[in-house]
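Just below is one structure, and these are the notes that go with it.
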Amino acid sequence: QFQMIRHEDLRLEESLGRGSFTRIFKGSKTDIREGERQNTDVLLKVLDGSYKNCWESFFEAASLMSQISHKHLLLVYGISVHRSENIMVQEFVKYGALDLFLRKKQGSVPVSWKLDVAKQLACVLNFLEEKKIVHGNISAKNLLLAREGDSSIGTSPFIKLSDPGISVAVTGRDVALDRIPWVAPEVLEAPETWGMECDKWSFGTTLWEIFNGGKAPLQGLDPQQKLMFYENHEQLPSPKWTELADLIGRCMEYDPALRPSSRGIIRQLNSLITSDPGLSAHADKDSF
Ligand code: ATP
Ligand code: MG
């Protein structure tokens, strides 16, 4: 359930590097609208040859994104198949991935900005929960920044959740291990049993990233050490802000049934905002 886009209508411009299973390009798409040619900036994801057997899951990701529409969900235009290449065509988001953005800003991002982003993500989470849809790959890397926002002139950031890509259900265990601590623990144990609670876990990890300057959690651990982390039911280092730590901890409960609903998450985020009135005023260098 996605549009097929003719390869002739696409132009690949600069390379933006690689994704997990993709090569990524900025490019443009030509449409004829009311007799006139129109060019739109797009982002193109070309599926790697070595993951070609996962094309169904790649198409499914595109299909999922095309079927649902929300202001904080990335727009996917469709798929283009050219010879043996599968290309996902999506909206180009100006400021790129949130983790890179936060790292570049090195702690100069106000708490209120981070809370805005967190609330926007919670809002999509709520939308997905109502539709009973599992995203399955929520992370700061998959949040794209459409507007920077500047608190000094009263504008907020604006994020869009990207497509989930190939599902860990088909990539095998290595990829799942690599996705610790974003992937919910139950996904590793029994991939067939996971439900919407797994997005709550990933939300917790993403919240942790947002308040930790976009640094990757558990960096430097090898897959075996990452697995041990889950087997021992360990938790990421807690932020000093206890109300925030509590929310992250509740999302990252090892028992999926104990994780909050998206409504509960929104409620707790709203109470975070009022838990320290002075907080939104200062830029925190280090909330840990
Ligand atoms: P995964 O399935 O693991 O998410 P991927 O193929 O989606 O992998 P990413 O690693 O998520 O690839 O993205 C690679 C980089 O491409 C990001 O860090 C970001 O800078 C850039 N990028 C991805 N999507 C967009 C987009 N729609 N607009 C602008 N930049 C993007
Ligand atoms: Mg991605």
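For reference, positions follow the sequence shown, starting with 1. Each ligand, and each atom within it, is numbered from 1 in the order the structure gives.
Judged purely by atom type and a 3.5 angstrom limit, Asp48 has no side-chain atom pairing as donor or acceptor with the backbone of Ser50. Panel note: side chain Glu209, backbone Ala140; a donor-acceptor pair is recorded below 3.5 Å. Not one N or O on the side chain of Asp246 forms a donor-acceptor pair closer than 3.5 Å with the backbone of Thr242. The backbone N or O of Ile24 sits nowhere less than 3.5 Å from a side-chain atom of Thr22 that would complete a donor-acceptor pair. A donor-acceptor pair under 3.5 Å is absent between the side-chain atoms of Glu85 and the main chain of Ser80, judged by distance alone.
Geometrically, ligand 1 and Arg18 share no nitrogen or oxygen pair separated by less than 3.5 Å. Looking at ligand 1, you won't find any N or O of Ser162 less than 3.5 Å from one of its N or O atoms. The distance criterion of under 3.5 Å between nitrogen or oxygen atoms is not met by Asp163 with respect to ligand 1.
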*Go through the steps to decide whether Glu197 and Arg250 satisfy the test salt bridge (Lys or Arg N to Asp or Glu O under 4.0 Å), and finish with yes or no.*
CA-CA 11 Å; Glu197 296 82 12; Arg250 274 160 37 86; over 6 Å; no
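For atom 29 (C) of ligand 1, the nearest protein heavy atom lies under 4.0 Å away.
Of the charged side-chain nitrogens involved, at least one lies within less than 4.0 Å of a carboxylate oxygen, so that Glu91 and Lys160 count as a salt-bridged pair. The pair Arg11-Glu13 meets the salt-bridge criterion, since a charged nitrogen lies less than 4.0 angstrom from a carboxylate oxygen. Electrostatic pairing of Arg37 and Asp31 does not count as a salt bridge here, judged by no charged N lying under 4.0 Å from a carboxylate O. With salt bridges taken as basic N to acidic carboxylate O contacts below 4.0 Å, none links Glu231 and Lys226.
Close contacts between ligand 1 and Thr22 involve ligand atoms 5 (P), 6 (O) [criterion: under 4.0 Å to a heavy atom]. Residue Asn137 approaches ligand 1 through these ligand atoms, each under 4.0 Å from one of its heavy atoms: 1 (P), 2 (O), 3 (O), 4 (O). Under a 4.0 Å criterion applied to the non-hydrogen atoms of Leu100, ligand 1 contributes the atoms 18 (O), 20 (O).
The aromatic rings of Phe101 and Trp113 lie parallel to each other, with less than 30° between the two planes, well short of the 60° mark. Ring geometry for Phe2 versus Phe59: interplanar angle over 60°, hence perpendicular rather than tilted (30 to 60°). Aromatic ring pairs are classed by plane angle as parallel below 30°, tilted from 30° to 60° and perpendicular above 60°; the pair Tyr230 and Trp201 is perpendicular.
When hydrogens are left out, the protein atom nearest atom 7 (O) of ligand 1 is Lys45 NZ, 2.6 Å; that is the closest non-hydrogen contact. With hydrogens left out, the protein atom closest to atom 4 (O) of ligand 1 is Asn142 OD1, 2.9 Å, a heavy atom. Scanning the protein heavy atoms around atom 1 (P) of ligand 1, the nearest turns out to be Ser20 OG, 3.4 Å. Nearest non-hydrogen protein atom to atom 31 (C) of ligand 1 is Leu43 CD1, 3.5 Å. Among protein heavy atoms, atom 17 (C) of ligand 1 sits closest to Ala97 CB, 3.9 Å. Ranking the protein heavy atoms by distance from atom 9 (P) of ligand 1 puts Lys141 CE, 3.8 Å first. What sits closest to atom 27 (N) of ligand 1 on the protein, heavy atoms only, is Glu91 O, 2.9 Å.
At a 4.0 Å cut-off, at least one heavy atom of Arg179 sits close enough to ligand 1 to count as contact. Within the structure, ligand 1 has Ile24 among the residues with a heavy atom less than 4.0 angstrom away.
Around the Mg ion (ligand 2), protein N, O or S atoms at less than 2.8 Å comprise Asn142 OD1.
Here Leu144 has side-chain heavy atoms under 4.0 Å from ligand 1, and that is the only part of it that gets that close. Residue contacts with ligand 1 for Ile166 are absent, since no atom lies close enough (heavy atoms, distance under 4.0 Å). Here Val93 has heavy atoms under 4.0 Å from ligand 1 in both its backbone and its side chain. Of the heavy atoms in Lys94, none comes closer than 4.0 Å to ligand 1. With a 4.0 Å heavy-atom cut-off, ligand 1 is reached by no atom of Lys26.
Around atom 12 (O) of ligand 1, the closest heavy atom drawn from Gly19, Ser139, Ala61, Gly165 belongs to Gly19.
In summary, of the residues considered (Leu258, Leu125, Ile138), a side-chain contact (heavy atoms from CB on, under 4.5 Å) with Lys200 occurs for Leu125 alone.
Looking at heavy atoms from C-beta onward, Val81 lies out of side-chain contact with Ile87 at the 4.5 angstrom threshold. Side-chain contact between Val93 and Leu43 is absent, with no heavy atoms from C-beta onward closer than 4.5 Å.
More than 12 heavy atoms of other shown residues, nucleotides or ligands fall within 6.0 angstrom of atom CD in Glu130.
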